[in-house]
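Remember, it's 1-based here, ligands and their atoms both numbered in the order they're listed.
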Amino acid sequence: MKNYDVAVIGGGIIGCSIAYHLAKEKLDVAVFESGQVGGKATSAAAGMLGAHSECDDLEVFYPFARNSQLAYQKLQEELVDVCGIDIQLKSGGIYKLAFSEGEKSQLSSLLDLPTVEWHGSAQVLKNETAVNEHINGAAYIRDDIHVLPGLACRAFSKSAQLMGASIFEYTPVLNVQKADSSYFVKTAGGNIGAKYVVIANGVWSSTFFEALGLSHRVIPVKGECLSVSNESISLKHTLFHNHNYIVPRSNGTLVIGATMIENEWDERPTLGGIEELIAAAKELIPAAGDMRIESFWAGLRPSTFDQQPFIGFHPEEKGILFATGHFRNGILLAPGTGQMIRDLILEREVRNDWIDAFKIDRQKQVLV
Ligand code: FAD
Ligand code: GLY
């Protein structure tokens, strides 16, 4: 039986980033993926690195997310050098739109950050001529750029492989058992041993929780998206309003996303979902009705009870780690999660507030 330093369960962007960061440190890593690398939530994502636009918590989430966002700048070149894949980090930033004074005031804490500035309606309409003229203004976030998520995931997995990691596609993990000082991992392709096991299989992670003595759940929040071609309408910025957005990809298509359907396991898009997206797109860009549909799809976001990820060690089993529940931000948080898992395994320093905020046995916050 082959023994690895680390077995990673799940070959989405989280598992592949972890494999990359560990293989770079010369650890012997194996990734086990049920289907194709990046084939689930990762390839459904719009790819926004929304450290500011998706942030409700400036104390802990923001510094973690911002560190991960900035890490992409260096990774872009590094991944091209190692494996030749360009993750298509696209500049332009996000316009987080406000239609009313109330919506503007909801942006106030974001606008206090030095990385965010207010653009009034005249400025927004000058920069983005297709936007609804009833706009009040927008928070302009230059650094909330985006990547092509499927490519980013493949760049991590291919680079990890070139640095010595083993990637097993179509090889689901069936269970994990303790065996003396290491773990016995049973997969559909045979059994292996590992000193550390990282549970990173997205919305399906809870499959392993009960056997590990945990009653936690990872909750699916289905998201549907639509892509359209934009021969007459071009966007320089991603438009973001409530949970909806329109992301201009480098090839000229626009990604319109996304619905939020809690506790839904069916991965097929629905007519109702697509209808909702079209209505939201028309609110942002009144001429959107003329755009041509290219494709539509759906994916399951892995959410948790407080919508923060589970990253860190099992409370008792020091060879089991979790890296799951990244909800709306798995693409953004992939580099930071890979770094944190690497540092925990290598016993390097990790910020205590990140350990506390993301540990699986954290307390539920009770509102008083
Ligand atoms: P996944 O990509 O789902 O990977 C988990 C993998 O585990 C799967 O490939 C699965 O096949 C595998 N697996 C399952 N069970 C087993 C098993 N037993 N053994 C082996 N393998 C197994 N995030 C952003 O940061 N920016 C965005 O713009 C963004 N947009 C989104 C838009 C939509 C519509 C959706 C649905 C999500 C979006 N997200 C976005 C969220 C992001 O996609 C997820 O947080 C992220 O992909 C989670 O990555 P993951 O690797 O944990 O999960
Ligand atoms: N972060 C965008 C989404 O989850 O839809």
Verify the distance criterion only: is there a donor paired with an acceptor across the side chains of Asp306 and Thr304 at less than 3.5 Å?
yes

Heavy-atom contact check, 4.0 Å cutoff: does Phe208 meet ligand 1?
yes

Would you say the side chain of Tyr20 lies within less than 4.5 Å of the side chain of Met163, judging by non-hydrogen atoms?
yes

Sub-4.0 Å heavy-atom contact, Ile9 with ligand 1
yes

Side-chain donor-acceptor pair present, Ser227, Ser295, cut-off under 3.5 Å:
yes

So, Glu33 and Thr171: side-chain donor and acceptor under 3.5 Å apart, yes or no?
no

Side-chain donor-acceptor pairs under 3.5 Å in residues 9-19, sequence neighbours left out?
residue: Ser17; atom: OG; partner: His21; partner atom: ND1; Å: 3.3
residue: Ser17; atom: OG; partner: Ala334; partner atom: O; Å: 2.7

Only pairs under 3.5 Å count here: list side-chain donor-acceptor contacts from residues 131-142, not counting sequence neighbours, and write none if there are none.
residue: Asn132; atom: OD1; partner: His134; partner atom: N; Å: 2.9
residue: Asn132; atom: ND2; partner: Glu283; partner atom: O; Å: 2.9
residue: Asn136; atom: ND2; partner: Glu101; partner atom: OE2; Å: 3.1

Distance-only check: which donor-acceptor pairs under 3.5 Å involve side-chain atoms of residues 46-57, not counting sequence neighbours?
residue: His52; atom: ND1; partner: Asp144; partner atom: OD1; Å: 2.8
residue: His52; atom: NE2; partner: Tyr62; partner atom: OH; Å: 3.0
residue: His52; atom: NE2; partner: Thr115; partner atom: OG1; Å: 2.9
residue: Ser53; atom: OG; partner: Asp144; partner atom: OD2; Å: 2.8
residue: Glu54; atom: OE1; partner: Arg328; partner atom: NE; Å: 2.7
residue: Glu54; atom: OE2; partner: Arg328; partner atom: NE; Å: 3.3
residue: Glu54; atom: OE2; partner: Arg328; partner atom: NH2; Å: 3.0
residue: Asp57; atom: OD1; partner: Glu59; partner atom: N; Å: 2.9
residue: Asp57; atom: OD1; partner: Val60; partner atom: N; Å: 3.3
residue: Asp57; atom: OD2; partner: Phe61; partner atom: N; Å: 3.1

Given Cys153, Ala258, Ala45, which one has a non-hydrogen atom that is nearest to atom 31 (C) of ligand 1?
Ala45

I'd like to know if Ala44 contacts ligand 1, where contact means a heavy-atom distance under 4.0 Å to any ligand atom.
yes

Students should find this: residues with any non-hydrogen atom under 4.0 Å from ligand 2. What is the answer?
Met48, Glu54, Tyr245, Ala258, Arg301, Arg328

